*Asks:* 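A single structure is presented below for examination.
No experiment lies behind these values; they were computed from the predicted model shown. Sequence positions, counted from 1, serve as the residue numbers for this chain.
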Amino acid sequence: MDVPFWLWPAVLGLIVGMLAVDLFAHRRAHVIGVREAAAWSAGWVAIGVAFGAWVWWAHGAESGQQYFAGYLIEKSLAVDNVFVWAILFTYFAVPRAYQHRVLFLGVLGALVLRGLFIAGGSVLVSSFDWVLYLFAAFLLWTGYRMARQRDEHLDPGRSRALRLFRRWVPMTDAYHGQRFLVRRDGVLLATPLLAVLVLVEVTDVVFAVDSIPAIFAVTDEPFLVFTANAFALLGLRAMYFLLADLIHRFVYLKTGLALVLVWVGVKMLLKVDLFYVPTAVSLAVIATIIGVSVAASLRATRGQGRRAVPAPSTPPFRTATAEELAALEPLWRRHRDPTAAVSSERPGGERP
């Protein structure tokens, strides 16, 4: 695939523009309902599909199929990420009105980090053929581990990242609106919202370690790897608000994701020396696995409505009271030299 240089800044500009639109539309904190989340989800998916259709038209069927295969892999693995977010937000009792801001910054950070991962992965794949063996072995092991641990869930209370954050960063025990930092008694403190943002970023790094090698199994074109990741990530916030209360219904999704990872691992092994599985076949296999796992999950749990993730009886953080909010000091203070004020006065206390 021959990608002209101007296409990279054009795509980056498109992504930044869409992020700006999303930020403007949600500039005021509010609870995002299912209908609003569904509308945004449909819009983000439509944009991702439209971009893939353009790739197909402008660069041929093979490039288009590689993009859609990568997009489907990233979108499917992202659902598991969404469920982890739901567990984090519920455990730490993050007010629903403030969750969008955390996710916006979390996705923004994920785009930057994944861009770096993709750049590094592209250099490794183009320089050392044996790296594909490592990627394939890692995908097979990850798929096996995911299948074995399909019924296990994250325990935020045992998070090592949270313990390190609380040890090294002074913080309050209460949410202060959408603020990530506050100043109290002259001391700059982090709020629990910043701690949750750090955990969101850490979990995305963990998921990126799985998803980046997986997409390299269907395409080694950096432009397609990045755009498939980016357009899959852009709709994650809306997907979270749409699916957060439906975790209990996707009972077979982890099994399906495990099979997808095993499949792309096998495809990568075959690709190195033996046989190149056509991209159309890979796309069909991935779509079938995900479709069957979702359909089987919804059928097995039919009749069950939306249900929030169970919350702990005593959340580790609370919401600040009105008195605490009123007592906050300005976040950034301008320190003046007190001698300057004295020197500017005339004897007797009069100013010139």
Side-chain angles (χ1 to χ4, degrees), residues 11 14-15 18-19 22 37-56 63-86 103 106-108 110-111 113-115 117-118 139 142-143 146 200 203-204 206-219 221 223-244 246-247 249-250 252-264 267 279 282-295 297-298:
V11 169
L14 175 63
I15 293 171
M18 291 189 295
L19 287 171
D22 185 47
W40 277 98
S41 294
W44 290 121
V45 171
I47 292 172
V49 171
F51 184 83
W54 175 82
V55 170
W56 195 308
S63 295
Q65 291 169 3
Q66 290 180 7
Y67 168 85
F68 279 115
Y71 179 82
L72 187 56
I73 288 173
E74 296 301 325
K75 204 71 170 176
S76 303
L77 292 173
V79 175
D80 201 26
N81 205 351
V82 164
F83 292 164
V84 170
W85 291 347
L103 293 181
V107 169
L108 187 61
L111 285 170
L113 290 174
R114 294 202 181 197
F117 286 170
I118 291 168
L139 290 171
T142 303
M146 183 179 289
V200 167
T203 57
D204 184 75
V206 174
F207 278 97
V209 172
D210 296 341
S211 64
I212 299 301
I215 196 172
F216 272 108
V218 295
T219 178
E221 171 55 55
F223 180 78
L224 297 179
V225 175
F226 175 75
T227 52
N229 261 274
F231 285 105
L233 285 174
L234 285 173
L236 280 190
R237 295 179 305 285
M239 184 187 293
Y240 164 77
F241 291 107
L242 183 64
L243 300 180
L246 296 175
I247 294 178
R249 297 204 59 187
F250 290 86
Y252 299 122
L253 180 62
K254 273 204 170 182
T255 302
L257 295 178
L259 291 175
V260 168
L261 291 177
V262 170
W263 163 252
V264 295
K267 180 184 183 300
T279 306
S282 294
L283 181 58
V285 170
I286 295 168
T288 300
I289 292 174
I290 297 301
V292 170
S293 64
V294 171
S297 297
L298 297 179

*Asks:* With a 4.5 Å limit on heavy-atom distance, are the side chains of F241 and W40 in contact?
*Replies:* no
*Asks:* Nearest 0.5 Å please: distance from the CG atom of L103 over to the CH2 atom of W85.
*Replies:* 5.5 Å
*Asks:* For the CZ atom of F83 and the CG atom of L246, what is their distance to the nearest 0.5 Å?
*Replies:* 7.5 Å
*Asks:* Any side-chain heavy-atom pair from W44 and M18 closer than 4.5 angstrom?
*Replies:* yes
*Asks:* Hey, does L236 have a side-chain heavy atom less than 4.5 Å from the side chain of L233?
*Replies:* yes
*Asks:* Would you say N229 and F117 make side-chain contact, with heavy atoms under 4.5 Å?
*Replies:* no
*Asks:* For residues E221 and T219, report the shortest heavy-atom separation together with the two atoms involved.
*Replies:* N-OG1, 3.2 Å
*Asks:* How far apart are the closest heavy atoms of L139 and P213, and which atoms are they?
*Replies:* CD1-O, 3.8 Å
*Asks:* Which residues pass the ring-ring contact (aromatic ring centres under 6.0 Å, His included) test with F68, sequence neighbours left out?
*Replies:* none
*Asks:* What residues, two or more places apart in sequence or in another chain, satisfy side-chain contact (heavy atoms from CB on, under 4.5 Å) together with T279?
*Replies:* E62, Q65, Q66, Y276
*Asks:* Does F51 form a ring pair (Phe, Tyr, Trp, His ring centres under 6.0 Å) with Y71? I'd like the steps, not just the answer.
*Replies:* CA-CA 11 Å; F51 184 83; Y71 179 82; 9.8 Å; no
*Asks:* Would you please classify the geometry between the Y67 ring and the F231 ring as parallel, tilted or perpendicular, with 30° and 60° separating the classes?
*Replies:* perpendicular
*Asks:* How many angstroms lie between CG in L257 and OG1 in T142, if you round to the nearest 0.5 Å?
*Replies:* 12.0 Å
*Asks:* Only one of V84, N81, L111 forms a side-chain contact (heavy atoms from CB on, under 4.5 Å) with D204, so which one is it?
*Replies:* N81
*Asks:* Which value, rounded to the nearest 0.5 Å, describes the distance between R249 atom CZ and L243 atom CG?
*Replies:* 11.5 Å
*Asks:* Which atom names give the shortest non-hydrogen contact between L261 and V264, and what distance separates them?
*Replies:* O-CG2, 3.2 Å
*Asks:* CD1/I289 to CG/L253 distance, rounded to the nearest 0.5 angstrom?
*Replies:* 12.0 Å
*Asks:* Distance-only check: which donor-acceptor pairs under 3.5 Å involve side-chain atoms of residues 72-79, not counting sequence neighbours?
*Replies:*
unit_1	atom_1	unit_2	atom_2	d
E74	OE1	R114	NH1	3.1
E74	OE1	S211	OG	3.3
K75	NZ	A232	O	3.3
S76	OG	L72	O	2.7

*Asks:* Between CG of L19 and CG of L234, what distance do you get to the nearest 0.5 Å?
*Replies:* 5.5 Å
*Asks:* How close do G256 and S293 get, counting heavy atoms only, and between which atoms?
*Replies:* CA-CB, 3.9 Å
*Asks:* Ignoring hydrogens, what is the shortest heavy-atom contact between Y240 and V82? Give both atom names and the distance.
*Replies:* CA-CG1, 3.5 Å
*Asks:* Any idea which heavy atoms bring V218 and K267 closest together, and the distance?
*Replies:* CA-NZ, 4.2 Å
